[in-house]
Amino acid sequence: MSTTTTATRLLDPTRWTSKIWTGEWTSGAGGEHAVQSPSTGALLGRIGFASPDQVDAAAETAAAAQHDWAARSYEERAAVLRCAGDLWQAHIDEVTLWLRAESGSAAAKARFEVQTAAQECYEAAALASVPYGEVLRSTQPRLSFSRHFPVGVVGVIAPFNAPIVLSIRAVAPALALGNAVLLKPDSRTPISGGVTLAAIFEEAGLPPGLLQVLPGHGASTGERLITTPRTRVIAFTGSTGVGRRVGELAARHLKRAHLELGGNNALIVMHDADLAHAPSVGAAGSFVHQGQICMATGRHLVHESIADDYVARLSERAEALVVGDPAGEEPVQLGPVIDERQRDSIHAIVTDSVAAGAKLRAGGSYQGLFYRPTVLDRVTPDHRAFREEIFGPVAPVIRFSTLDEAVELARDTEYGLSLGILTRDVMRGLQLADRIPSGNVHINDQTVNDEAPVPFGGVGNSGTGSRHGGHLANIEAFTETQWTTLRGDLAHHPF
């Protein structure tokens, strides 16, 4: 894929090459960046980088545009969001191709991501008309009520692994509620995670200045996005380490930060789980998108009575998966990991764990950035594969004998994002889930699940709770609450 062969119906590279989006395509004062395929290393295009001063200017422009946008009727805002949803669907083939080439997404994952983006816009369109306050009781002879107002300008910092979904889930509701948005996509996926959103909303009729796409390299652009005075809320998705710094910087400037961070998620496979299907469920949880998902199944806690059979079947599935270039002609199930740094981190965790006593049952090797789906057996809490978020296609298997032991193992982590439990006794599974802190729980499914209408988030080092999805969470995230009282006559006070 190159700029000479890219489809031009939506993402015409002659418009955005070496540019940023500020309501129009303009040169980035921070230079330009080569965008490369992680599969082949081929040049896919060049994108402009915003300088810190351009972030400040973008924030001022966004703030000015936001006042008129918030004053418009909810019907007008909803119409733009509905149109954006239709455009995602209309351009699904073109956008999917970019996701496959730029982020290493397999075709099914890429299509799911674009379909989810459309649904996020439809949900946001409905959000524009939900009640935005409530009548409150008062001891005084007055009308007492609360109202929600847009925060103003929202800063969104998104990662590479699901660059569209993890942008649009904040961008769409923030716009629907009357805000302007500054979006910083990951520098490794600025086209699928940035240019596509700019193009979609431009075509949908969003007024200029309300969405600005500001790629940047390193910390300077993201830090300015947080510290520039006009942004009032920061929505960040990424690693726990970076999230801590985002939260600290936002707090220093008295801004709200909604942080969706890492995970080391457990899939508990009970003794009565359906072994004909459980390994398939486990494989999906660990291997989808090369394991580069915060919700990925990082620990398979398997009852000792079925563990040997489970590991054998899981390993067979891992060996059978096809790994290759998702943008190529042959269908593949796993693409490349995003870069050499991530590949080397994955491999170090695997080799260190094997050296410490874990048993390699499948995978454990790579070619270029293509890491084979890997199964590690006899993993213990002392191994890196148990303790760390791998963010790669690795399935560590840990054996347990009692439910209390399974709970202890599942809780033995700093994270709390997603939990899966496989059992024929669903009520016992739910009782088990009650003992394990987690933002998301899935009985008889793996840990990677997401839908536009649901609140999503984690506890512990996985973030600051459910801050995205569902109208209640989105209203809390992207509005300010004002208490208002109304009297017919002047109040009398003894002064």
Side-chain angles (χ1 to χ4, degrees), residues 38-39 99 103-106 108-110 112-113 159-163 165-166 188-189 237-240 261-267 279-301 314-315 317-324 326 332-354 358 360-377 379 383-398 413 415 417-420 442 445-450 458 462:
S39 295
L99 280 168
S103 74
S105 297
K109 182 264 186 184
F112 170 80
E113 192 163 346
F160 71 86
N161 54 326
V165 167
L166 298 181
R188 292 165 290 189
T189 51
T237 304
S239 71
T240 297
L261 309 177
N264 188 3
N265 311 290
L267 177 69
S280 171
V281 174
S286 285
F287 302 144
V288 65
H289 196 44
Q290 301 77 262
Q292 297 175 122
I293 299 177
C294 58
M295 296 173 284
T297 300
R299 296 171 298 156
H300 297 239
L301 311 182
L314 181 63
S315 300
R317 291 182 177 277
E319 295 286 5
L321 292 172
V322 179
V323 180
V332 303
Q333 290 146 313
L334 275 74
V337 297
I338 194 64
D339 56 27
E340 292 181 356
R341 180 180 178 182
Q342 183 60 29
R343 179 202 65 198
D344 293 345
S345 173
I346 296 165
H347 196 57
I349 293 174
V350 170
T351 55
D352 287 353
S353 298
V354 171
L360 182 66
R361 302 303 188 195
S365 62
Y366 63 85
Q367 184 174 4
L369 297 183
F370 298 99
Y371 204 95
R372 285 296 312 174
T374 297
V375 178
L376 296 176
D377 191 13
V379 173
H383 296 156
R384 290 185 66 192
F386 180 95
R387 304 229 66 85
E388 300 181 30
E389 181 183 28
I390 303 173
F391 224 64
V394 181
V397 178
I398 303 95
T413 177
Y415 299 103
L417 184 56
S418 192
L419 171 70
H442 305 289
D445 202 354
Q446 42 81 26
T447 55
V448 181
N449 275 277
D450 193 14
S462 289

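Each residue takes its place number in the sequence, starting with 1. Heavy atoms only: backbone and side chains are in, while hydrogens, waters and symmetry mates are out.
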Subject >> Partner set under salt bridge (charged side-chain N to carboxylate O under 4.0 Å, His left out) for D339, not counting sequence neighbours >> reply: R188

**OP:** Applying side chain to side chain donor-acceptor pair (under 3.5 Å), name anything that partners N264, two or more places apart in sequence or on another chain.
**Re:** none

**OP:** Any chance you could lay out the side chain to side chain contact (heavy atoms under 4.5 Å, CB included) test for T413 and Y415, step after step, and finish with the verdict?
**Re:** CA-CA 5 Å; T413 177; Y415 299 103; 3.4 Å; yes

Subject >> E319, CD: over 12 other non-hydrogen atoms inside 6.0 angstrom >> reply: yes

**OP:** For S39, check side chain to side chain donor-acceptor pair (under 3.5 Å) against everything at least two apart and list the hits.
**Re:** D325

Subject >> ring-ring contact (aromatic ring centres under 6.0 Å, His included) partners for H347, two or more places apart >> reply: Y366, Y371

Subject >> Contacts of V281 that satisfy side-chain contact (heavy atoms from CB on, under 4.5 Å) - sequence neighbours left out >> reply: L422, D445, Q446

**OP:** Would you please name every residue forming a side chain to side chain donor-acceptor pair (under 3.5 Å) with S418, sequence neighbours left out?
**Re:** none

Subject >> Residues which pass side-chain contact (heavy atoms from CB on, under 4.5 Å) with D352, listed by chain and number, not counting sequence neighbours >> reply: R384

Subject >> For T237, all residues meeting side chain to side chain donor-acceptor pair (under 3.5 Å), sequence neighbours excluded >> reply: R169

Subject >> Pairwise side chain to side chain donor-acceptor pair (under 3.5 Å) hits with a residue in residues 280-294, at least two apart >> reply: S286-H300

**OP:** List for me each residue that meets side-chain contact (heavy atoms from CB on, under 4.5 Å) alongside P373, sequence neighbours excluded, and say none if there are none.
**Re:** F287, A318, L321, V323, L334

Original post:
Rounded to the nearest 0.5 Å, how far does CG of L99 lie from OG of S105?
Top reply: 5.0 Å

Original post:
Who pairs with A266 by side-chain contact (heavy atoms from CB on, under 4.5 Å), at least two apart in sequence or on another chain?
Top reply: R299, L301, A410, L419

Original post:
With E389, which residues qualify under salt bridge (charged side-chain N to carboxylate O under 4.0 Å, His left out), at least two apart?
Top reply: none

